[in-house]
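Chain naming here is simple, since letters A, B, ... match the order of the sequence lines and numbering starts at 1 in each.
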Amino acid sequence: MRASQFFLATLKEAPQEAELPSHKLMLRAGLIRKLGSGLYSWMPLGMRVLHKVERIVREEMDRAGALEVIMPPIQPAELWQETGRWELYGPMMLRVKDRAEREFCYAPTAEEVITDIARKELRSYRQLPVNFYQIQTKFRDEIRPRFGVLRAREFSMKDAYSFDADEGGMLKSYQKMFDAYVAIFTRLGLTFRPVSADTGEIGGSASHEFQVLADSGEDLIAYSDASDYAANIEKAEALAPATPRAAATEPMKKDPTPGTSTCEGVAKLWNLPLARTVKAILLTADERVHMVLIRGDHSVNEIKVGKVAGLKGWRWATDAEILAAADGPAGYLGPVGLDRSKITVIADRTVAAMSDFVCGANEKDFHLRGVNWGRDCPEPDLVADIRNVVAGDPSPDGKGTLAIVRGIEVGHVFALGRKYSEAMGATFAAEDGTQKAFEMGCYGIGVTRIVGAAIEQNHDDKGIIWPDPMAPFTVAIIPMGAGKSEAVKSASEALHADLVAAGIEVLLDDRGERPGVMLADQELIGIPHRVVIGDRGLKDGVVEYQHRRDAEATRVPLADVAAFVKAKLAR
RNA sequence: CGGGGUGUAGCGCAGCCUGGUAGCGCACUUGCUUUGGGAGCAAGUUGUCGGGGGUUCGAAUCCCUCCACCCCGACCA
């Protein structure tokens, strides 16, 4: 490809709206242009990258035996009403009406449609297992679209759905997809980790996320330094402390803490470590108020809270509820002196093992110190894991300790089970002649998000550094002064022709720009391999090769350069 | 949704406080020179100052209103 025949839309300065490196670089390199909040057009250069990603995804999905389909992005409300998700999905779903006032949505996902296909088309266990997938545009009306393509409202997603006759088969299909995902992200050249995850709204038994590791990621991942254990922090279990609760050594004492409503404040005031304090959070579930206790330096894991018996569908308590149940205002709450008939005390495992701790006195401007379970207040009604793990916690698998890194979720696999097939009456004739609901799995990959994640992980101050498999062009040829030097011109043309003939994607910069412009653009765009051809080297019969990650150029004899580049790519 | 901010040329910004009909850099066009790290000189082009309404002799500037976009937060007491 000649640059003069292509459309490069590079920008010297990034539009004000961009915050993250990947967002800025995608705009500057001319991969995308913004249309509206969370809406992006893909420019020619971006399309080349997107096609690379799609191609690898397709190849690995096909290799895993999945079959490509394409379903409409506009879906009738009726299907969603069958599973109850028309209401459940809420404002995230973009709803539209046609001229006859019939309701539709712009698909945020396609479980309903694929299940509808399955119940109509799949009749016998003999047709199973099957896995259908599509690469299709989705729309989710995010609360706050941001980070460019990483949290856009419209995005391209590969979604696959497997149908099996029984759970064993489904788990096999799940494993196949898991393996395919590993192959996809490996081929893309990304540093990633599969982590076990919460199943969230979609439901089901097993679930793994595929996270591209990057400092700007929105997700926190806990992993063990001594085993394969890795989990989203939403799910990572915080084990109970290994050492039992120590015996009480201090008397309980009530002291004033005027205007100090936080654990940090009390710890500072009394010159105690934060880890000696306990914070109390009140919430309401099933009309009953619950006090949740977390160590001062820990944070509540809302997902874990929702899984505690009796707390399904909980909400934060109102100020009125707090006063009625605890006799004290928010900021000064604790487990001592409560009327347990009105309130249930739920302690995090860590808190349950604490002694001589500090907590609120259920009275404005007072806290207690030297508090001990059993002696000063009854034992907690319930002890549960309700906090987020922190770096240094023991790994839940018993091997090593946890460290925490950030990641960008680019893939997610779910062992769904019969949730959708049962809701929609999707059944098949089993071997014994009975009708059974399909065992389903669903598997997503954020195709457009991968592009942003790859840049987030691979860039420097000059621009993008594409992994070869995703690069819009693999090699850039930069002729110095081709307008003046016939030797430079013919050498560039010859190399271009040679590499093109070898099926290599080359960009020959024949725009006649100045050297600085050509080099800066090549670096911004992130073409991984470049060959600079100029009279300076040509008089010695050499040209310069430099990888985007190399600090220095390598002088290569002109006669060998084609072979040299091909050898570099073959690795 | 709550809070904050911004909207002036394709991009980045100044002008607004203290009203007088719009400017800078880059980009773009033409010419000459230049050509190994975002060139120089010269001559140009580009704006419904986000929309609507109001105040005023006069509004980018003051007031009201709507819209768009960005950032932070969304209950951790």
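- When only modelled atom types and interatomic distance are considered, N388(A) and S299(A) share a side-chain donor-acceptor pair under 3.5 Å.
- A donor N or O paired with an acceptor N or O is not found under 3.5 Å between the base of G36(B) and the side-chain atoms of D535(A).
- Residue side chain R530(A) reaches the base of G37(B) through a donor-acceptor N/O pair under 3.5 Å, judged by distance alone.
- Judged by the 6.0 Å distance and 45° axis criteria, R548(A) is not positioned over the aromatic ring of W466(A).
- Heavy atoms of G483(A) sit nowhere under 4.0 angstrom from any nucleic acid atom.
- Residue L11(A) is out of contact with every strand shown, counting any heavy-atom pair closer than 4.0 Å.
- The CD1 atom of I478(A) sits 12 Å away from the P atom of G37(B) (whole-angstrom rounding).
- Comparing U56(B) with G10(B), their P atoms sit 34 Å apart, to the nearest whole Å.
- G51(B) and A9(B) have their P atoms separated by 11 Å, given to the nearest Å.
- For the OP1/OP2 pair of A39(B) and a distance below 4.0 Å, the side-chain nitrogens and oxygens of R514(A) include at least one atom meeting the criterion.
- Across all strands, R511(A) comes closer than 4.0 Å to no nucleic acid atom at all (heavy-atom distances).
- Rounded to an integer number of Å, the gap from CG of D510(A) to P of U35(B) is 21 Å.
- Side-chain contact annotation: E409(A) with H412(A), donor-acceptor N/O pair under 3.5 Å present.
- U55(B): no Watson-Crick or G-U partner with both key distances under 3.5 Å is found in any strand.
- Rounded to a whole Å, the CD atom of Q522(A) is 16 Å from the P atom of G38(B).
- Atom C1' of C16(B) sits at a distance of 33 Å from the matching atom of U29(B), rounded to the whole Å.
- Straight-line distance from the CZ atom of R33(A) to the P atom of G10(B): 13 Å, rounded to whole Å.
- One finds no side-chain N or O of R146(A) lying less than 4.0 angstrom from the OP1 or OP2 phosphate oxygen of C70(B).
- Pair check for C75(B) finds none; no Watson-Crick or G-U wobble contact set falls under 3.5 Å.
- Nucleic acid contact for E513(A): none, since no nucleic acid atom lies under 4.0 Å from a heavy atom of the residue.
- Using a 4.0 Å heavy-atom distance criterion, A280(A) is classed as a base contact.
- By the 6.0 Å and 45° rule, R140(A) does not stack over the aromatic ring of F155(A).
- In this structure, E142(A) places its CD atom 13 Å from P of C70(B), rounding to the nearest Å.
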* Could you walk me through whether I464(A) and L524(A) pass the side chain to side chain contact (heavy atoms under 4.5 Å, CB included) test, one step at a time? => CA-CA 6 Å; I464(A) 302 166; L524(A) 209 211; 5.6 Å; no
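- Side-chain N/O atoms of S37(A) include none lying less than 4.0 angstrom from OP1 or OP2 on A68(B).
- Comparing the same atom, C1', in U45(B) and in C26(B) gives a spacing of 15 Å after rounding to whole Å.
- The side chain of K12(A) places no N or O atom within less than 4.0 Å of a non-bridging phosphate oxygen (OP1 or OP2) of G38(B).
- If you take atom C1' in U8(B) and the same atom in U21(B), they sit 14 Å apart, rounded to whole Å.
- The residue I281(A) sits close to a base: some heavy atom pair falls under 4.0 Å.
- Note on V532(A): a base of the nucleic acid sits closer than 4.0 angstrom, heavy atoms only.
- With a 3.5 Å ceiling on both atom-pair distances, C49(B) lacks any Watson-Crick or G-U wobble partner.
- Figure legend: R95(A) and W86(A) shown as a cation-pi pair, the cationic atom lying under 6.0 angstrom from the six-membered ring centre and within 45 degrees of its axis.
- With both ends at atom P, the span from G4(B) to A22(B) equals 35 Å, rounded to whole Å.
- Atom CZ in R151(A) sits roughly 16 Å away from atom C1' in C72(B) (whole-Å rounding).
- Here Q16(A) reaches the OP1 or OP2 of C13(B): one of its side-chain N or O atoms lies under 4.0 Å away.
- At a threshold of 4.0 angstrom between heavy atoms, the contacts of R315(A) with the nucleic acid are absent.
- For the pair L524(A) CG and C11(B) P, the computed distance is 17 Å after rounding to whole Å.
- Aromatic rings of Y545(A) and F564(A) (six-membered ring for Trp) have centroids within the 6.0 Å cut-off, being under it.
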